[in-house]
Amino acid sequence: MWEGVAAVPAMRSDALSKTHCGDWKLGRKLGAGEFAQVQGCQRRGDPTIYACKHIDKSKLVCASNIKRTLRRVQRVGTEISAMRALRHK
């Protein structure tokens with residue numbers, strides 16, 4: 001499923017702003033890692049606050065080492081699959 005960088009879905013450039021991402025209002029930054037940032041978010045009409053992780057595809061790519069790039073993409077793909085399977089309370 002996550003064989004290469006192209007397999008990671010791209011976000012529409014018009015869907016993201018500093019304060020909104022589609023139907024989501026973005027809140028304060030909660031943390032950051034090697035490839036991503038996490039910030040609070042809230043869906044329009046829903047009082048629940050969630051965490052949203054933004055993955056920077058450009059940080060996944062290592063132009064000099066395609067194997068490293070593929071390992072990174074696979075790690076991110078595994079994390080995405082795990083997050084989709086969770087039901088946080």
Side-chain angles (χ1 to χ4, degrees):
M1 179 170 159
W2 302 96
E3 296 81 27
V5 174
V8 178
M11 174 169 266
R12 293 186 348 254
S13 60
D14 64 332
L16 182 63
S17 74
K18 291 187 184 275
T19 60
H20 288 82
C21 180
D23 289 339
W24 295 87
K25 180 181 176 187
L26 303 177
R28 67 180 179 91
K29 183 177 175 181
L30 302 174
E34 188 176 359
F35 309 121
Q37 298 187 82
V38 178
Q39 67 186 115
C41 61
Q42 191 172 19
R43 182 174 251 159
R44 193 174 300 151
D46 182 354
T48 308
I49 297 175
Y50 300 92
C52 176
K53 182 175 251 186
H54 306 275
I55 299 170
D56 187 344
K57 284 173 62 173
S58 67
K59 292 183 180 179
L60 294 175
V61 177
C62 179
S64 63
N65 190 334
I66 190 67
K67 287 184 180 182
R68 179 178 292 156
T69 298
L70 290 175
R71 282 194 305 269
R72 289 174 175 176
V73 170
Q74 288 170 341
R75 280 193 347 238
V76 170
T78 300
E79 182 176 353
I80 290 170
S81 296
M83 291 292 188
R84 284 182 175 160
L86 292 175
R87 294 287 178 238
H88 302 287
K89 297 272 180 175

By side chain to side chain donor-acceptor pair (under 3.5 Å), Q42 pairs with (sequence neighbours left out) none
Salt bridge (Lys or Arg N to Asp or Glu O under 4.0 Å) between E34 and R75, intermediate numbers included: CA-CA 12 Å; E34 188 176 359; R75 280 193 347 238; 3.5 Å; yes
So which heavy atom on Q39 is nearest to which on L26, and how close? NE2-CB, 3.4 Å
What distance do T69 atom OG1 and K59 atom NZ have between them, rounded to the nearest 0.5 Å? 15.0 Å
Could you measure the distance from the NE2 atom of H54 to the NZ atom of K29? Nearest 0.5 Å is fine. 10.5 Å
May I ask you to test the F35-L60 pair for a side-chain heavy-atom distance under 4.5 Å? yes
What are the two closest non-hydrogen atoms of A51 and L30, and how far apart are they? CB-CD1, 4.3 Å
For C62 and R68 the tightest heavy-atom approach is SG-NH1, 3.8 Å
On a heavy-atom basis, the closest approach of V38 and K53 is CG2-CE, 3.8 Å
Nearest 0.5 Å, what's the CD1-CD1 distance between I80 and I55? 4.0 Å
According to salt bridge (charged side-chain N to carboxylate O under 4.0 Å, His left out), does anything in residues 38-51 pair up with another residue at least two apart or in another chain? List the pairs. D23-R44
